[in-house]
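As structure tokens, the structure follows; a few thoughts come after it.
Heavy-atom basis, side chains included; hydrogens, waters and symmetry copies ignored.
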Amino acid sequence: MINGDFGFWAHQNPSIRATPLAASGTADVVIVGGGYSGLWTALALHTFDPSLDIVVLEAEQFGFGASGRNGGWLSSKPVGMRQVLSGSSSREQVLDVEDRLHDTMQAIADGFTADGVDIGAAHGGWIQVARNASELTRLRASLAGHRAWGLDESRVRLVDATELRANIDIHDAVGALMSPDCIRVDPFRLLAGIVARARAAGIRLHDHSRVTDITPGVVQVGALEVRAPRIVLATEGYSSALKGRKREMLPLNSAMIATRRLTEAEWDRIGWASAAGISGSAHTYFYGQRTPDGRIVLGGRGKPYRFASGFDERGAVDDRTIAALEAIVSDLFPWLDAHAEYAWCGVLGVTRDWSPFVDWDHSTGILELGGYAGQGVTAAKLAADAGAALMLGRNDSITRIPWVRPKPRKWEPEPLRWIGANGLYRAYSAADWVEQRSSTGRTSAIAKAADIIAGR
Ligand SMILES: Cc1cc2nc3c(=O)[nH]c(=O)nc-3n(C[C@H](O)[C@H](O)[C@H](O)COP(=O)(O)OP(=O)(O)OC[C@H]3O[C@@H](n4cnc5c(N)ncnc54)[C@H](O)[C@@H]3O)c2cc1C
């Protein structure tokens, strides 16, 4: 089994080559971070003003971050908590951002198809499965929430176990929410496609160029510096490593495995003919996809958080987490040999209120964006489009989406952050255990208490 080395997708694709920054210089815009957020911002800026000289600085290789390691759900699930975002915006604005996500999801896939670039896209929607009475009750509540926000049957609906089985045969499933709002992609190929566009646009791309300090007008890369009136900070889950930013975004860890390629007979038995993304409804959530080359890729939390906002070692996963993810696959499809051929993990950025931000400070010339809480494959493009429009002072309606707001309040200092994140994960695991053994259909009191503490 290949563990780490930043993941299955990177092993399936040629690496993305660039060159390190070799000399100090100037630019119109410097972008820190070469994931979806940074690269889409670069492209949006270029589209608005092709004369801009734009530099992107990536600390490692392009694809090193979450953008090269994720589950490949290009989805238009609501990103950010509606009640948080509607706190400072109207209901219409919250719905507007969700419509924009939907259009962005489709536009990303259609754009690459039109260019003849294969990003492994297949439109299968998503299926969120309930496997006990409590989970089904939560799905009903979630459906009611979607309806209250105006999503009709065409966007999300509840199906019973029989209808679910016609789509995918998951052991012990009692029902599911189904939605067409997800396109399966190979996330690394998507990133490589964006890099190729950026290159073609003349955007200067540098890898192995770790930014060590940012002050208005100057980005430091060790002994070198790039001076620019406008700077973009697009380091999402890695932002905590930058000076003064330890508590802005929690680097939440998510671990994944990829099984061997299944045979056609095995796929027939599972019945997972579409490219639907599947996820669970337990508090310790799982998510997965059927890959373009016929494997099951499945992810979950594993070790959720490392002390002092620390990171993994090039995506290596501990044995216990691998075994736990294999056990989920076995539990879903008990007859299947669920051994992992690849395991990896990565970090995603979570703000204190679990909602994204696009924060443009005109006085410093610094744009910060991120906090997609595990749903950035589509969201990063929308945030980037908004950020680029703000930077260039455009009066487009996208600059008024609810994500355009100052960064939310900081996370608690250590050891509270560590105790909180890991303690909550234990509490959610305990709640799942209780619910699995109960037929009341109620959500465990442990999980309700954990939700209040987590601020969700
Ligand atoms: C395992 C996993 C599964 C996920 N699954 C999904 C999914 O299925 N669907 C979905 O929508 N979202 C998913 N996400 C979340 C999604 O991948 C992220 O929200 C998204 O990729 C964030 O993009 P980004 O560009 O903001 O950050 P990143 O992709 O993390 O990019 C940040 C980049 O900044 C670089 N960097 C950091 N520090 C510096 C520095 N000092 N100088 C220069 N560069 C620096 C990093 O190396 C990195 O490449 C998942 C995330 C993970 C970890």
Side-chain angles (χ1 to χ4, degrees), residues 4-19 31-46 54-75 104-105 107-113 115-122 182-201 203-209 232 234-238 254 256 258 277 289 291-293 297 299 314-315 342 344-349 369-370 372 374-385 387-388:
D5 206 13
F6 68 99
F8 166 70
W9 309 106
H11 285 277
Q12 300 299 299
N13 291 291
S15 48
I16 303 168
R17 302 211 178 278
T19 51
I31 295 179
V32 185
Y36 301 143
S37 294
L39 291 162
W40 281 128
T41 307
L43 278 168
L45 286 167
H46 172 82
I54 304 169
V55 173
V56 180
L57 300 171
E58 164 55 45
E60 305 274 346
Q61 281 167 258
F62 285 89
F64 176 86
S67 300
R69 303 189 199 183
N70 63 65
W73 281 43
L74 175 66
S75 92
T104 304
M105 168 189 85
I108 293 173
D110 291 350
F112 283 107
T113 305
D115 289 353
V117 176
D118 177 11
I119 58 164
C182 181
I183 298 173
R184 181 281 319 273
V185 298
D186 172 332
F188 197 94
R189 273 197 239 165
L190 168 60
L191 188 81
I194 307 170
V195 165
R197 276 195 198 167
R199 234 181 224 133
I203 293 162
R204 292 190 276 150
L205 304 175
H206 294 294
D207 60 7
H208 300 289
S209 302
V232 179
T235 47
E236 231 239 347
Y238 297 91
S254 190
M256 305 203 78
Q289 69 145 284
T291 64
D293 73 340
V297 153
R314 291 181 68 81
Y342 296 84
W344 71 100
C345 64
V347 289
L348 42 106
L369 69 174
Y372 320 114
Q375 295 192 66
V377 179
T378 310
K381 164 112 174 65
L382 183 56
D385 288 346

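Looking at every heavy atom in both residues, Ala192 comes nearest to Ile16 through CA-CD1, 3.8 Å. Ala42 and Ile54 make their closest contact through O-CD1, 3.5 Å (heavy atoms, listed as atom of the first residue, atom of the second, distance). Closest approach of Asp385 to Ala44, counting heavy atoms only: OD1-CB, 3.6 Å. The two residues Leu191 and Gly34 come nearest to each other via the heavy atoms CD1-O, 4.1 Å. Between Ala121 and Ala109, the shortest heavy-atom distance links the atoms CB-CB, 4.5 Å.
For the atom pair Glu60 CD and Ser209 OG, the distance stands at 10.5 Å (nearest 0.5 Å). One distance of note links CE of Met105 with CD1 of Ile183; it measures 4.5 Å at 0.5 Å rounding. Atoms CD1 and OG1, on Ile31 and Thr235 in that order, are 12.5 Å from each other to the nearest 0.5 Å. One distance of note links CG of Asp186 with OG1 of Thr291; it measures 8.5 Å at 0.5 Å rounding. Taking OG1 from Thr378 and OH from Tyr372, the interatomic distance works out to 11.0 Å, rounded to the nearest 0.5 Å. Note that CD1 of Ile119 and CG of Asn13 are 11.5 Å apart. Values are rounded to the nearest 0.5 Å.
A donor-acceptor contact shorter than 3.5 Å links the side chain of Tyr36 to the backbone of Ser67. Of the possible donor and acceptor atoms, none in the side chain of Gln61 sits under 3.5 Å from a partner among the backbone N and O of Asp207. A donor-acceptor distance shorter than 3.5 angstrom exists from the side chain of Arg184 to the backbone of Gly120, with no hydrogens or angles considered. Judged by distance alone, with hydrogens and angles left aside, the side-chain atoms of Thr113 form no donor-acceptor pair with the main-chain N or O of Gly111 at under 3.5 Å. Side-chain atoms of Trp344 come within 3.5 Å of backbone N or O of Arg69 as a donor-acceptor pair. Of the possible donor and acceptor atoms, none in the side chain of Thr41 sits under 3.5 Å from a partner among the backbone N and O of Ala388.
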* Thr104/Trp40 under side-chain contact (heavy atoms from CB on, under 4.5 Å): CA gap, chis, key distance, verdict -> CA-CA 12 Å; Thr104 304; Trp40 281 128; over 6 Å; no
* Give the C-alpha distance, both sets of side-chain angles, the deciding distance and a yes or no for side-chain contact (heavy atoms from CB on, under 4.5 Å) between Met256 and Phe8. => CA-CA 9 Å; Met256 305 203 78; Phe8 166 70; over 6 Å; no
* Using the side-chain contact (heavy atoms from CB on, under 4.5 Å) rule, take Asp115 and Arg197 through it: C-alpha gap first, then chi angles, then the decisive distance, then the call. => CA-CA 10 Å; Asp115 289 353; Arg197 276 195 198 167; 3.3 Å; yes
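Counting only heavy atoms from C-beta outward, the side chains of Leu348 and Ser254 approach each other to under 4.5 Å. No side-chain heavy atom of Glu58 sits less than 4.5 Å from a side-chain heavy atom of His206. Residues Leu39 and Val195 meet the side-chain proximity criterion, which asks for heavy atoms closer than 4.5 Å. Side-chain atoms of Arg189 and Pro292, non-hydrogen and from C-beta on, do get closer than 4.5 Å to each other.
Of the residues Val185, Ile194, Leu190, the one that meets the side chain to side chain contact (heavy atoms under 4.5 Å, CB included) test with Ile108 is Leu190.
Ring geometry for Phe188 versus Phe6: interplanar angle of 30 to 60°, hence tilted. Ring geometry for Phe64 against Tyr238 counts as tilted: the plane angle lies between 30° and 60°, on a 0 to 90° scale.
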